[in-house]
Amino acid sequence: MKLLVFLLLPYLSLSEVGKDFNQCRRFFLNNVPPRFIPSLSSTAHICQCVWNESKQKMYVYATLYSTAWRIPIYSAYVFGSPNIGRCDAWYIEPQLDLGTTAEPCMSPKGRKSINNQAVNSDYDGSGYDKGHLYPVQHTNNHLSMLATSTLTNAAPQNSTFNQGAWKTHEGAVIKDLEGCDKAYLAYVVTGVVPDNIKINNRVTVSKYYWRATCCIKSNTFSGKGYYGPDNNNKVQPLSITDLQTQLATDYKVNNITIFPSLPPGHKRPATGGCN
Ligand SMILES: *[C@@H]1O[C@H](CO)[C@@H](O)[C@H](O)[C@H]1NC(C)=O
């Protein structure tokens, strides 16, 4: 039955897991993804999408995923004020394992050859939480809410940290970004620094979580960085510049620009930038 649908609807074989974010650039400031390529063997660019009620494909955020670590490196999204409850169904991304002929967009779990990504059973009894990068609290519509529940948007996170300081931080970010100028969008990139531990001998555990936000306040760019846990199990606020320096060390790369400027010739909505 499913095969028949593929044959009849060739557009279904469009690739959402690929080498770039061309289908989902709007989730990045200026439509430019972070300049940020960890020296990793294998990464996948995922334009996270879901099907809406009219069977249209809706892009909801972007994830750079490490198929080596089997966790995301970052998820990038446009902040929305929360007004929606939580959904606990977890999805996987078919194309990471089945290739581009698999149906794009998220599917319920329960497939056979799962090599390149984490699955629910990896987390069972591990003692770690599935820590979201794009948290459901930062969504403001049903489709985005559902879409945060994919395992490609989660990494094993210390449960004390996940349910404590990181959760408090995510609430504080809501308050902060609600103060941004509503005429512009508020952009968020949330990422994971890997530890050298794995759960189920497969999925790399997170050592640190980080977040960078960028919006317009009083007609100037306002950029903020966050990184944790520190030695006191807290989240440290820091400038985007300092966050980038920290991450360059963590990921062993020369430099990282989380919110790159526009290509020459494009106008910003205000002077300044988030770096
Ligand atoms: C999680 O963090 C707490 C507080 O720092 C620590 O006591 C606990 O051992 C950690 N859990 C794991 C699984 O590392």
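Computation of the quantities below employed the complete heavy-atom set of this structure, encompassing side-chain atoms and omitting hydrogens, waters and symmetry-equivalent molecules. Note that ligands are numbered from 1 as they come in the structure, with each ligand's atoms numbered from 1 the same way.
To the nearest 0.5 Å, atom CG of residue N200 and atom OG of residue S121 are 6.0 Å apart. Atom OH in Y65 sits 10.0 Å away from atom CD in Q48 (nearest 0.5 Å).
Within a 4.0 Å radius of atom 7 (O) of ligand 1, the protein contributes no heavy atom.
By heavy-atom distance, the residue among N158, I199, T160 lying nearest atom 2 (O) of ligand 1 is N158.
For atom 4 (C) of ligand 1, the nearest protein heavy atom (residue, atom name, distance) is N233 ND2, 3.5 Å.
A salt bridge is absent between K198 and D122; no separation between the charged side-chain nitrogens and carboxylate oxygens falls under 4.0 Å. Note on K224 versus D176: salt bridge recorded, some NZ/NE/NH1/NH2 to OD/OE distance being below 4.0 Å.
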